[in-house]
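Take a look at the structure below.
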Amino acid sequence: MTSFAYMLTALIAMLPAPFFFKTPMRVPFRAVLIGFCLLLDELFVCLLSSPAYPHYELLPFQMLALSLCISTLFLGKRRRLFASLATILWIWIDFFGMLSLSYRGVDFLWMPFVVLPLAFYPIFFMHPYKKETRFCLAVIWAAAWILSYAWTP
Amino acid sequence: MNILIFGIALLLPGLFAVDSALTLGPSSWDISQQRFWGTPIANFVFWIGLAHAGTFFSAILLVLGARWQHRVAFMAELSTLAALMVAASFPLIHLGIPSEFYQMIPMGNLRSVFVNPESPLVWDFVAILAYGIVSSLYILLHLFSLQKSSLERFRRPFAWILFPLVLWVHTIVSMDFAVTFVPNWQGAYFPLYFIFGALYSGVALVLVLTELSGRRVRAVEDLLISFSWAILAFWVWEALAKGIWHSEILVLGFLVPQLLWISKIREIQGARVLVAISGMVSLWWERLLLVQPESLDWTWVDIGLLSFGIGAFCVLFSLLRRGVQKAFPLALDENALEELRARPVQFARKPFWISICFGALAALLFAVYFVWNVPSITWMRLIPILFPIAALTAALSLSFFAARKVWSSKRIAWILGILLLWGVGVWGLVFRGSDVSYSEAFVTVSDQAGKLKSSAVDAREIWNARCAACHGKDGNLNRKFVHEYYPLPQTLSLSRIDSLGMDSLKRVILDGRNYMRPFRGRISDKEAAALVHYLKSMALQKEKGGLE
Amino acid sequence: MRTRKVKWIVIWAVLIVGGAGLVAWDLASFPEYFYERSSRVPFNHEKHAEALGLDCSKCHVGAEAGIRATMPSKADCMDCHNLPLTESEGIERLDKALLNAPDAPFVFTSLLPSNVVFPHGLHVKSGVSCETCHGSAKEIDAGRRPQVRMQDCLACHQGKLGFPKASTDCARCHR
Amino acid sequence: MKISRASFLKLLAGAMAAVSLFGCRKGKPLPRNKHAKSLNKPDKNLWQKEIDEARLLKPRPEPLAPVPRPGAHPKFRNGNIRFGMAIDLDICDGCGKCALACMLENNVPRVTSEDAKKGRYMHWLELRGKMPVMCAHCGNAPCEKVCPTGAAVASPDGFSSMVYPRCIGTRFCGANCPLHARKFNYADSLTLGLAAKFNPEVPLRPQGVMEKCSLCIQRLQNARIQAKTFGTEWLGKNVFPACAEACPKGAILFGNWLDPESELVRKTQNRGIYAPKSVAKFLPAVVYLRGKA
């Protein structure tokens, strides 16, 4: 998988994110929307990835985590709660995914676990509805995304 | 009542299956030849998945602020307890030596041997134990909070502990598969996959249970549809990434639940129940195919174990519900709950954070203890056990704070004392362990066993063992012993050895002379020859020593 | 109230009797709890070892160099007992017992599980005397047997009992 | 005496638990202070017959992949012993004498006819096609990683050992072994008369534990003890597992990979070294020789 394709996955993940929670919607419709996006992510990863990049198994779900993170930027209320939950979900996916990969002899990538916890700083210590907070969070998430691909020990 | 009778009807034959599974061992049920695992594990994963429903509805939805969660919370919590007990019994049945299960507990023991914390089964044990205790405490807290409103403020803190724990448990169950080298068990995405599968089946179970108790909660139906879409995404990914595709699972687990979009069907109670059951069946079948993808060759024990699971769940659930109904009549009364919900709820902030600190401390201490004793482990692989330990400690300390609100210190001291006594007792039993758990016997020692090997090197050892009692280790007589003999054994000088000749000396050893008894049969020819050489070398040495 | 009391007494009685029954059944069907002594010829360690100065390995061949210390055969006894050794009382009875004894008069069921190997010779070589585990001859005569417990093995191998450290690799002793 | 209903229920549950724990005890596998009676004269032909039966089930040899020469065990980099074997496939003609020798040396039990139908043979060394296959004693052994109790554990001597009394039969190791070299004791073979104590040095394994090739650990232990008792340093010379001893053509070489003097190292110079493809990446110590390097 090339770095360009990898960046493309980020783009695809981020595009539908604003619409996840923006409009009031019944729960099953929202689930269908998110599920559909996840299916598209999977299809996309499947087309682009090569087995030489063992983390590809995780990629659609990392994409889901990224979109959920981004979507919290557009939330009207309880942004703190859901932004932190989405970030934890990302850490969760990465940690257990890499833990299981490490049993198969794949290197454990540390970078996401250094960068993602930084996201809690803007979530908790800055005003949740200010533009700076959103910007700061977006930067951190983007950095986590890039570094979890590019940075290998 | 009907559930109880239904449960007993399934449980009784199931118990026979459990009995024969325990006595005959794993060969009594069908086991995959490549994977050595079979139906008990599939049942375990299925039931532990169902056990997530309670926590999902009463803890996760509580902290996420779903307005309708109290309507199904008790039902779901009770089903969690029942399903958890059923789930926990299956790994025990699965074991080759069930009575030795405690060897998985990650604590040192008398023999100072430690478990292997890299193994997901150890994580499993700890996580399920912690989940069982914490969710029981949670349901107790919930029940008591109906009577003592001062407890209400502890519910949310507790829910915050339980929320990650329940996800952790199923994550770890998924790791049992994900860390292996079995091709169809591999998958870095398994944690989410299993969690969504568990929540899906849990929601389906709660739907069935609420319908059976004559109520209807539309939000649960909505959730069922939602989770069917989530699980679809994982099934598609299984197909794309690993080429695993089972159309029957897709039909039962995804297509059938879509019927609920059609409002005509959705209004029929039977249809809703059937849809939920279809979802559960598809997930059970999926777990079975995961554990055992080869063609099934079931014995009656496999079916009996399935029946045991369902039966035991129904019996436990209905008994628990009756108990709750008797002891806490408010709990299942919807109107009363509606009123209770109107109370303003606070969050017990200070006890919560203190408990969290206790939990973190306990996890840290455990990690230090373990790394100290087993320095060779990859410490990162210890993390999966640390969180359940932290959560368990935090929940216990939070319960302590909650108990102080309602009970007198004397009563708490009593309870703590009894619990401590019990805990120390159990700890001691586990610490000691059973005696040699080994089928075959101890070594029998007779004169036949373990003869000395013969070689020139150990002729000295043979001499020391066989001859030195009389002839002395250095070849001089052992006077303390032989003073009773007459005539005294001859001292062997170099000249005498040479005049006698090696062969005749060897004959003396083998056939005896005067009071010296024959050693034939106790010493081989080769050994006798080696002894004669040794004799000569000793005499040589003595001669040299004498000259010097 | 009275019937209630009676009910509880009955329940407790059932529990106690049942528990006692379980224990009794357990002891009866798993008789490993009863230690079996099976020597057919009386033997006094103290007399042989301390009074006569015999090494353990004179009779227990292998005790100082082999993997296992064996039990003496009749021939080993007769090495000395073919002589009119002492005038002590009871010697006739002993002689008679020896005369009638089978070739292997002593059979000892060791307390070492069969999946463990304990090299006697190697331990003697590194300075662990027989007494360390078996006790003195007097104690042996009084019926003492070495307790084989893995924690003791490991404590010694980890160097906690004053002897030099040794391997704690499972595969050194377990087979 | 006053007992509430709740405490009575607790009591009852405790009693039930105690009773059921007693029920879990199997009559046979408990220790007895007596030696297990072995069959009077076990017929070796029965074992030979079973080997021939099992051969039919696995007609295809394991696919091989080239591997570098086995070196130090990854967990014990400073060790000076790494036991291992090399099986010369150019010499081996698949006669199967090694399989029988292995069973007799290690008291490997036969299986019941039901288990035989399902292919649950216990053979530590089994013949797949004409190729003798046993535990590869991987350095990064997958079985050791997942064993919860540490019954499957790496030895500093560079092989993968198995401590039977610690095994509780989760069978996770067996599931995780890509070579399927681990065998599970489904039946109580001693009671069923399927096991025999051919070799007094090797214990019989109870029902419910895993077992596998131990590189004839009893021989290694005895040789080491012998050498150390008489004061010599021992690096794995002059000892051979039963299969190597039984091979009429000398196709199975045993030795210490880290001892340049050993026969194993000398005879594998300039040879093509292979391992079963499924375990090739786990640094196995038991390898196969084929052709020139």
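Please read all numbers here as calculations on a predicted model, not as lab measurements.
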- Message: Heavy-atom cut-off 4.5 Å, strictly under: side chain, backbone, both or neither for Ser161(D) against chain C?
- Response: side chain
- Go through the atoms of Ser214(D) and report whether side chain, backbone, both or neither lie under 4.5 Å from a heavy atom of chain C. neither
- Provide the closest heavy-atom pair for Ile67(C) versus Ile225(D) in the form atom of the first, atom of the second, distance. CG1-CG2, 3.7 Å
- Item | Which atom of Ala171(C) lies closest to which atom of Ile217(D), heavy atoms considered | O-CD1, 3.5 Å
- Query: Above 12 or not: heavy atoms from other molecules or residues under 6.0 Å from NZ of Lys237(D)?
  - Reply: yes
- Task: Scan Val116(C), Asn115(C), Val117(C) and name whichever one has a side chain to side chain contact (heavy atoms under 4.5 Å, CB included) with Pro203(D).
- Result: Asn115(C)
- Interface check, chain C: of Leu220(D), Val163(D), Val153(D), most non-hydrogen pairs under 4.5 Å belong to Val163(D)
- Check: Thr229(D) and Pro119(C) side chains under 4.5 Å, non-hydrogen atoms: no
- So, do Arg172(C) and Arg224(D) sit near enough that their side-chain heavy atoms are less than 4.5 Å apart? yes
- Looking at Arg175(C) and Gln221(D), what are the two nearest heavy atoms and their distance? NE-OE1, 2.8 Å
